[in-house]
Student: 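Can you keep this structure in mind? I'll have questions shortly.
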2 protein chains.
Amino acid sequence: MTKASRSKAIENAAPDGRASDAIVERIQEQILSGTLLHNTPLPSERDLMERFSASRTVVREAVATLAGRGLLEAKPRYRPIIRKPGFDTALNTVGSIVQLMLQHQQGAESLFESRVFVERGLVRDAATSATRENIAELKEALAANEAAIMDFDAFYDTDMDFHGVLYTIPGNPIFPTLHSAYTTWLAPHWRRMEGSPEFNRKSYASHLAIYTAILERDPDAAEEALVTHLNVSWSSVGPTFAPK
Amino acid sequence: MTKASRSKAIENAAPDGRASDAIVERIQEQILSGTLLHNTPLPSERDLMERFSASRTVVREAVATLAGRGLLEAKPRYRPIIRKPGFDTALNTVGSIVQLMLQHQQGAESLFESRVFVERGLVRDAATSATRENIAELKEALAANEAAIMDFDAFYDTDMDFHGVLYTIPGNPIFPTLHSAYTTWLAPHWRRMEGSPEFNRKSYASHLAIYTAILERDPDAAEEALVTHLNVSWSSVGPTFAPK
DNA sequence: GCCCCAATTTGGTCGGTCCAAAGCATTCGG
DNA sequence: CCGAATGCTTTGGACCGACCAAATTGGGGC
């Protein structure tokens, strides 16, 4: 462990390494600086190999790397499309790995626990500092949720939306991203859960409890309601993960 | 635009796409199943092209993809090393993008805010449910922190450690990973901050306040102490980020 | 037995080639 | 005159064979 510093020094001293890295760097820079516009296709590979005077192999490798980082969206047979990075891009790149960890072992449970942790904090904050607008949005999402009790798919969507509103309250762009990450990662399993009007009614009641607690500026009650709500949900969804 | 539906149908029906994807999948499977052992080097490319009866180009592409996902650690001129994925792997893959967003704009502030949010939850939980062992660890970390007040580097390390203990309390592997992510991402800027025994003494006092609040099972006081502590820290570190 | 050096392995890069699908323009039919 | 079918060109995906330099390995010399 202690000699890590030395090895790090050596690795840092690597002089050139890959040729593609230089190209990656330059393209990345151009994307960030706006020389290469967002949502436009990348120049053709043969064009790039001329600009950087490199072989197509290297250009290809560079493109692949950028795509792996999420700066390019490379569909199989189409031109890669420029994607300026945001928090969503970051979350996307982890997606494939998270997916792996969800499949077996208790990775899914860890992830869900983290979600409970986050939302507990969110509802507490909401209870103490939600603005009039936040509350109006919550109310609206709640109404939509109630209206969808009889429709499984719609209820799922409005459920997500209600929780999603909570993630917007802090005004930090990381949270909405986190929310969409949680939902997309857990969605396939969630969909596998059987739904019933009765179950939906219970869920709605939980949402209502959370909402009222926020209205009454009672963080503890809000947190409590949220925890019981999510625990119930988990008892329905958890079993759909492979026990391995 | 309207014909997008047709093209999407076609793309969806694409049976093979990339040839490397098949190889990626098989290697990934072997890594997960343990056929390819953790921390051992991957077979040579020429070996792999024989096993999968594919060209070296494709094999190389597959390896690059795996490396991008974090399942392989590919240093420039060495054999790629198998890495079984964990939450740390996931965090690593986002690293490069997060790094980008830290450089300019207020991405750094968003990230720091999220850290404050997380640690607020952590100290609350610690205050309500820390075990005897947790508290012992905290006490130990606190003592080490105090002993290092005169040494800038040592104080930085023990500071990290103290906060790190908080991340271990929930017993969820995601949190320690998150902690190391936060520290590695923010470290370069943190190091740029000038330290003084006086400043360290104040930080230590904050840590002590957090610790006592946890001891007294007072979540609100613990959260309060944590928030003021981190706000002070940010006022020192924040300015080191490029204002764009 | 240990260290140093040569032979071999192996990853990185290159140029060229072939193929199939995407893009584009032209033409043909209504 | 406009829209759809058609043929040509561009472009990404894959393969091959080769070369180079660094990493690894296996001896051989001290």
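This is a predicted model, so every value here is computed, not measured. Protein chains get the first letters and strands the later ones, always in sequence-line order, with residue 1 at the start of each.
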Student: Can you measure I81(B) atom CD1 to dA23(D) atom C1' for me and round it to whole angstrom units?
Tutor: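 After rounding, the reported distance stands at 13 Å.
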Student: Distance check needed: dG13(D) C1' versus I23(B) CD1, whole Å only.
Tutor: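 After rounding, the reported distance stands at 13 Å.
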Student: Is E119(A) paired with R115(A) through a side-chain N to carboxylate O contact shorter than 4.0 Å?
Tutor: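 Salt bridge flag = yes for E119(A) with R115(A).
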Student: Taking CD in E50(A) as the centre, count heavy atoms belonging to other residues, nucleotides or ligands within less than 6.0 Å. Is the count above 12?
Tutor: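 Open.
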Student: Looking at dG13(D), I'd like to know if its phosphate oxygens (OP1 or OP2) sit under 4.0 Å from a side-chain N or O belonging to R60(A).
Tutor: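 So the side-chain polar atoms of R60(A) do come within 4.0 Å of the phosphate oxygens OP1 or OP2 of dG13(D), strictly under.
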Student: Return whichever of S53(A) or L42(B) has its heavy-atom-nearest nucleotide of DNA chain C closer to the 5' end.
Tutor: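 Of the two residues, L42(B) wins.
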Student: Can you check whether L42(B)'s main-chain N or O pairs, donor with acceptor, with R79(B)'s side chain at less than 3.5 Å?
Tutor: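 Yes, R79(B) side chain to L42(B) backbone: donor-acceptor pair under 3.5 Å.
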Student: Just call it for T57(B): base, sugar-phosphate, or nothing, with non-hydrogen atoms closer than 4.0 Å on any strand.
Tutor: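 Since a base atom lies under 4.0 Å of T57(B), the category is base.
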Student: Of the nucleotides dT13(C), dA14(D), dT10(C), which has the atom closest to the S44(B) side chain?
Tutor: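 Closest nucleotide among those given: dT10(C).
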Student: Touch check for R56(A), heavy atoms < 4.0 angstrom, all strands: base, sugar-phosphate only, or nothing?
Tutor: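 Base, at least one base atom sits under 4.0 Å.
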Student: Ignoring hydrogens and angles, are the base of dG12(D) and the side chain of R46(A) linked by a donor-acceptor pair under 3.5 Å?
Tutor: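 When only heavy-atom distances are counted, R46(A) does reach the base of dG12(D) through a donor-acceptor pair under 3.5 Å.
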Student: Find the distance K75(A):NZ to dA21(C):C1' and express it as a whole number of Å.
Tutor: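 Result: 13 Å.
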Student: Round to the nearest Å and state the distance from E45(A) atom CD to dT17(C) atom C1'.
Tutor: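 Checked: the CD to C1' distance equals 15 Å.
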Student: Side chains of Y182(A) and S114(A): do they bring a donor and an acceptor to under 3.5 Å?
Tutor: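 Yes - a donor-acceptor pair under 3.5 Å links their side chains.
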Student: Just the rounded figure in Å: distance from P of dC14(C) to CD of E50(A).
Tutor: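 Nearest whole value for this atom pair: 15 Å.
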Student: How many Å lie between OH on Y78(A) and P on dC24(C), as a whole number?
Tutor: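 To the nearest whole Å, that distance equals 12 Å.
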Student: Between R79(A) and A54(A), just flag the one whose closest nucleotide in DNA chain C comes earlier from the 5' side.
Tutor: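 With R79(A) and A54(A) compared, the 5'-side residue is A54(A).
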Student: For dT11(D), does either OP1 or OP2 sit under 4.0 Å from a side-chain N or O belonging to R77(A)?
Tutor: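 Checking dT11(D) against R77(A), no side-chain N or O comes under 4.0 Å of OP1 or OP2.
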Student: Please determine if a side-chain N or O atom of R18(B) lies less than 4.0 Å away from the OP1 or OP2 oxygen of dG13(D).
Tutor: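 Affirmative; the distance criterion is met.
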Student: Is the CD atom of Q30(A) crowded by more than 12 outside heavy atoms at less than 6.0 Å?
Tutor: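 Counting other residues, nucleotides and ligands, CD of Q30(A) exceeds 12 neighbours.
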Student: Between dT10(D) atom C1' and L48(A) atom CG, what is the distance in whole Å?
Tutor: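 Going from L48(A) (CG) to dT10(D) (C1'), I get 15 Å.
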